[in-house]
Amino acid sequence: MNFIFISPNFPQKFWQFCDALKKNGANVLGIGDQACNELCPELKNALTEYYLVSDMQDYKQMYKAVAFFAFKYGPIDWLESNNEFWLEMDAKLRTAFHITSGIGEDKIDSIKEKSEMKKYYALGGIRTARQIKASKGLEAVLNFAEDAGYPLFSKPDVGVGAGGAHKLENEDEVRRFFQNPDADKYVIEEFVTGNICTYDAIVNSQGDPLFESMCVCPPSISDIVEYNLDSTYYVEQHMSENLRYWGRKTVKAFGVQSRFVHLEFFCLDRAHRGLGEIGDFVALEVNMRPGGGFTPDMINYAHSVDVYKIWADMICFDKRTTPNPHEDYFVMFAGRRDNVAYVHSHQDIMEKYKGQLKQWDRLPKAVAGAMGDQTYIARFNTREEMDEFFNYVTHRA
């Protein structure tokens with residue numbers, strides 16, 4: 001099998017996807033913009049060959065790289081980045097080289113544009129917040145607001161994470177929003193409150209899950225960034241059966257095949273007209289790639305598995321080759337900010353939780369706004385222990 005991995009060096013831990021593929025006998029071919037001598041040793045060892053481009057957004061360079069590999073190694077069976085930023089480039093290259101194992105250009109809008117996602121949710125009978133494209137104009141949005149009520153929520157139709165998202169509290173704020181020259185690139189939705197929960201799964205060629213997990217994000221990323229909150233999210237010990245139902249239903253509605261997915265839902269914290277009661281799940285958006293940041297590692301810690309291996313087994317064999325150990329825990333990520341004074345020091349945390357901490361990291365400024373400057377990941381048997389850990393780490397002076 002010839003597998004081209006786009007940008008295998010970022011995020012850095014993606015070398016583990018390449019390593020798992022190599023161990024399964026695949027020919028792993030990398031394309032990236034980082035010099036080969038700067039790649040981590042583990043990635044170098046996993047790659048059969050690496051092709052350096054100066055600009056990964058330059059389609060001509062990317063096309064030339066794939067053509068080189070196809071000429072040298074034969075037909076390309078898979079091309080994937082597992083990265084939201086490159087989904088469109090992945091699809092364009094697959095189409096150009098007739099690689100049918102992934103999403104092509106004809107389907108990319110359904111997973112990139114939030115407005116297009118709504119159509120597939122509707123076909124699958126999956127509840128979502130009502131939405132309008134800002135490109136329909138100010139008056140149309142104000143009419144929408146009369147029915148949906150305030151606040152509203154604006155976000156880029158195409159975008160990653162919480163970048164550019166804003167709450168619109170009243171008509172004046174809507175009018176100011178339309179002064180933005182890029183307003184027509186946004187969608188506006190009725191405002192839904194509740195925890196964001198994710199259905200994380202690796203599905204086979206029939207759209208059936210080989211593995212499933214659940215994350216909970218108590219403050220949304222947009223709130224963390226806007227209000228300078230301490231960052232946190234966690235992997236549940238056991239998945240809600242209600243979320244499992246809606247996650248699987250969404251996979252089928254979008255026709256997902258042979259992918260790692262990260263599907264976002266609201267778990268309502270209050271009854272919402274037309275959407276459900278407290279505790280019901282409402283679809284937010286689909287992400288046809290693994291969860292960002294440390295999520296794959298957190299899932300491994302929580303469920304005593306190796307999602308990199310499970311994913312590579314799906315690619316190479318369309319099935320799992322390792323059993324599910326059924327050793328499940330709560331795993332929490334907690335991030336602290338350098339500009340905040342905390343009661344407990346880093347050393348206090350390291351000493352108190354040395355038995356539970358799985359990893360701790362300093363993050364670059366580029367991602368610290370959403371995740372914190374100093375981060376900790378710890379594993380617990382009970383929710384109470386996990387909550388105590390978060391309160392200890394984030395107790396402000």
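Keep in mind it's a predicted model, so treat the numbers as computed, not measured.
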Enquirer: Salt bridge (charged side-chain N to carboxylate O under 4.0 Å, His left out) with Asp208: which of Lys252, Arg248, Lys319, Arg320?
Expert: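 Of Lys252, Arg248, Lys319, Arg320, salt bridge (charged side-chain N to carboxylate O under 4.0 Å, His left out) with Asp208 is met by Lys252 alone.
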
Enquirer: Does a side-chain heavy-atom distance below 4.5 Å link Asp269 with Asn195?
Expert: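 No. Closest side-chain heavy atoms not under 4.5 Å.
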
Enquirer: Distance alone, cut at 3.5 Å: any donor-acceptor contact between the side chains of Asp328 and Gln237?
Expert: no

Enquirer: Between Lys309 and Asn24, do the side chains contain an N or O donor and an N or O acceptor separated by less than 3.5 Å?
Expert: yes

Enquirer: As a quick check of understanding, evaluate side-chain hydrogen bond (donor to acceptor under 3.5 Å, both in side chains) for Thr295 and Tyr233, giving each step before the final call.
Expert: CA-CA 9 Å; Thr295 302; Tyr233 71 104; 2.9 Å; yes

Enquirer: Taking all non-hydrogen atoms of both residues into account, name the closest pair between Leu263 and Gly247 and its distance.
Expert: CD1-O, 3.8 Å

Enquirer: Measuring only between side-chain heavy atoms, which start at C-beta, is Met1 closer than 4.5 Å to Cys316?
Expert: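 They are in side-chain contact.
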
Enquirer: Parallel, tilted or perpendicular: which one describes the rings of Phe389 and Phe380, with boundaries at 30° and 60°?
Expert: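 Rings of Phe389 and Phe380: tilted, 30 to 60°.
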
Enquirer: Report the C-alpha distance between Asp318 and Ser205 in whole Å, list the side-chain angles of each, state the deciding distance to 0.1 Å, and finish with yes or no for side-chain hydrogen bond (donor to acceptor under 3.5 Å, both in side chains).
Expert: CA-CA 7 Å; Asp318 201 29; Ser205 62; 2.6 Å; yes

Enquirer: Check whether Met386 and Met214 end up in the same hydrophobic cluster, where Ile, Leu, Val, Met, Phe, Trp and Tyr are linked by side-chain heavy atoms less than 4.5 Å apart.
Expert: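 As far as the 4.5 Å side-chain criterion goes, Met214 and Met386 are connected within one cluster.
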
Enquirer: Does any donor atom in the side chain of Asn45 or Asp19 lie under 3.5 Å from an acceptor atom in the other side chain?
Expert: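 Short answer, no.
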
Enquirer: Work out which heavy atom in Ser101 is nearest to a heavy atom in Trp78; give both atom names and the distance.
Expert: O-CZ3, 3.3 Å

Enquirer: Mind listing the closest non-hydrogen atom pair of Asp147 and Arg273 along with its distance?
Expert: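 Of all heavy-atom pairs spanning Asp147 and Arg273, the closest is O-NH2, 2.8 Å.
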
Enquirer: Kindly work out whether a path of hydrophobic side-chain contacts (I/L/V/M/F/W/Y, heavy atoms less than 4.5 Å apart) joins Phe14 to Ile299.
Expert: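 Linked within one cluster.
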
Enquirer: Parallel, tilted or perpendicular: which fits the ring planes of Tyr73 and Phe69, with parallel below 30° and perpendicular above 60°?
Expert: tilted

Enquirer: Assess, by modelled atom type and distance only, whether the side chains of Ser115 and Asp157 contain a donor and an acceptor separated by less than 3.5 Å.
Expert: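 Yes.
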
Enquirer: Set out, in order, the CA-CA distance, both residues' side-chain angles and the distance that settles salt bridge (charged side-chain N to carboxylate O under 4.0 Å, His left out) for Lys13 and Asp297, then state yes or no.
Expert: CA-CA 9 Å; Lys13 291 200 171 186; Asp297 296 318; 3.1 Å; yes

Enquirer: Inspect the contact between Asp182 and Lys185 and indicate whether a charged nitrogen and a carboxylate oxygen are less than 4.0 angstrom apart.
Expert: yes

Enquirer: About how many Å separate CG of Asp109 and CD1 of Ile103, when rounded to the nearest 0.5 Å?
Expert: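 Answer for the CD1-CG pair, Ile103 versus Asp109, is 11.5 Å.
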
Enquirer: Any side-chain donor paired with an acceptor under 3.5 Å for Tyr376 and Gln359?
Expert: no

Enquirer: Check the pair Phe3 / Trp311 against ring pair (Phe, Tyr, Trp, His ring centres under 6.0 Å), numbers first and verdict last.
Expert: CA-CA 13 Å; Phe3 189 107; Trp311 176 84; 5.7 Å; yes

Enquirer: Out of curiosity, Leu357 CG to Lys352 NZ, how far, rounded to the nearest 0.5 Å?
Expert: 11.5 Å

Enquirer: How far apart are the closest heavy atoms of Ala148 and Glu190, and which atoms are they?
Expert: CB-CB, 3.9 Å

Enquirer: Nearest heavy-atom pair of Pro218 and Val216: which atoms, and what distance?
Expert: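 Smallest heavy-atom distance, with atoms named: CD-O, 3.4 Å.
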
Enquirer: Same cluster or not: Leu52 versus Ile31, using hydrophobic residues (I, L, V, M, F, W, Y) connected whenever any side-chain heavy atoms lie under 4.5 Å apart?
Expert: no

Enquirer: With ring centroids as reference points, do Phe71 and Phe68 lie under 6.0 angstrom apart?
Expert: no

Enquirer: Tell me whether Lys133 is salt-bridged to Asp184, with the criterion being a basic N under 4.0 Å from an acidic carboxylate O.
Expert: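 No, Lys133 and Asp184 are not salt-bridged.
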
Enquirer: Measuring from Ile6:CD1 to Tyr51:OH, what's the distance to the nearest 0.5 Å?
Expert: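 Ile6 CD1 to Tyr51 OH: 12.0 Å, rounded to 0.5 Å.
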
Enquirer: Between Thr198 and Asp200, does the side-chain hydrogen bond (donor to acceptor under 3.5 Å, both in side chains) criterion hold? Intermediate values first, please.
Expert: CA-CA 6 Å; Thr198 68; Asp200 298 273; 2.6 Å; yes

Enquirer: Using a strict 4.0 Å threshold on nitrogen-to-oxygen distance, state whether Asp338 and Arg362 make a salt bridge.
Expert: yes

Enquirer: Show, in sequence, the C-alpha distance, side-chain angles and deciding distance for Phe281 and Tyr245, and conclude whether the ring pair (Phe, Tyr, Trp, His ring centres under 6.0 Å) test is met.
Expert: CA-CA 10 Å; Phe281 288 96; Tyr245 171 81; over 10 Å; no

Enquirer: Quickly, which of Lys112, His262, Arg289 forms a side chain to side chain donor-acceptor pair (under 3.5 Å) with Glu84? Name it, please.
Expert: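 It is Arg289; the other options fail the test.
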
Enquirer: My understanding is that only one of Trp15, Phe17, Phe211 makes a ring-ring contact (aromatic ring centres under 6.0 Å, His included) with Tyr308; could you say which?
Expert: Phe17

Enquirer: Among Glu189, Glu285, Glu113, which one satisfies salt bridge (charged side-chain N to carboxylate O under 4.0 Å, His left out) with Lys118?
Expert: Glu189

Enquirer: So, Lys72 and Glu49, do they make that salt bridge, N to O below 4.0 Å?
Expert: yes

Enquirer: Supply the atom-to-atom distance Leu29 CG to Ile76 CD1, rounded to the nearest 0.5 angstrom.
Expert: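 Taking CG in Leu29 and CD1 in Ile76, the distance rounds to 6.0 Å.
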
Enquirer: Could you pull out the closest heavy-atom pair between Pro290 and Asn82, with the gap in Å?
Expert: CD-O, 3.4 Å

Enquirer: Kindly compute the distance separating CG (Leu47) from NZ (Lys22), expressed to the nearest 0.5 Å.
Expert: 9.0 Å

Enquirer: Will you find, in the side chains of Ser54 and Gln61, an N or O donor that is under 3.5 Å from an N or O acceptor?
Expert: yes

Enquirer: Output yes when Glu80 and Arg94 qualify as a salt bridge under the 4.0 Å nitrogen-oxygen rule, no when they do not.
Expert: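 Result for this pair is yes, salt bridge flagged.
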
Enquirer: Run the ring-centre check on Phe191 versus Tyr150 and record whether the distance is less than 6.0 Å.
Expert: no

Enquirer: Run the salt bridge (charged side-chain N to carboxylate O under 4.0 Å, His left out) check on Glu105 and Lys92 step by step: do they pass?
Expert: CA-CA 5 Å; Glu105 274 192 292; Lys92 195 171 183 179; 5.2 Å; no

Enquirer: Within 45° of the axis and under 6.0 Å from the centre of the six-membered ring of Phe153, does NZ or CZ of Lys167 qualify?
Expert: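 Verdict for Phe153: no cation-pi partner in Lys167.
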
Enquirer: Does a donor on one side chain sit under 3.5 Å from an acceptor on the other, for Tyr234 and Arg383?
Expert: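 There is such a pair (donor and acceptor under 3.5 Å, judged by atom type) between the side chains of Tyr234 and Arg383.
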
Enquirer: So, Tyr63 versus Phe97, ring centres under 6.0 angstrom or not?
Expert: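 For Tyr63 and Phe97, the ring centres are under 6.0 Å apart.
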
Enquirer: Would the distance check show the side chain of Arg270 and the main-chain N or O of Ile278 forming a donor-acceptor pair, the cut-off being under 3.5 Å?
Expert: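 Side chain of Arg270 to backbone of Ile278, a donor-acceptor pair under 3.5 Å: no, none is there.
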
Enquirer: Is it true that the side chains of His303 and Ser213 contain a donor and an acceptor less than 3.5 Å apart?
Expert: yes

Enquirer: What distance separates Thr250 OG1 from Leu284 CG, expressed to the nearest 0.5 Å?
Expert: 11.0 Å

Enquirer: Taking the six-membered ring of Tyr301 as reference, does the cationic atom of Arg379 (NZ for Lys, CZ for Arg) lie under 6.0 Å from its centre and within 45° of its axis?
Expert: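 Ring-cation test returns no.
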
Enquirer: Is it true that Arg337 and Asp230 make a salt bridge, defined as a side-chain N closer than 4.0 Å to a carboxylate O?
Expert: no

Enquirer: Should Trp86 and Val53 be regarded as members of a common hydrophobic cluster, given that ILVMFWY residues are connected when their side-chain heavy atoms come within less than 4.5 Å of each other, either directly or indirectly?
Expert: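 Same cluster: Trp86 reaches Val53 through Ile, Leu, Val, Met, Phe, Trp or Tyr contacts under 4.5 Å.
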
Enquirer: If two hydrophobic side chains count as joined below 4.5 Å and joins carry through other members, does Val203 share a cluster with Phe260?
Expert: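 Hydrophobic grouping puts Val203 apart from Phe260.
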
Enquirer: Regarding Asp77 and Asn2, is there a side-chain donor-to-acceptor distance under 3.5 Å anywhere?
Expert: no

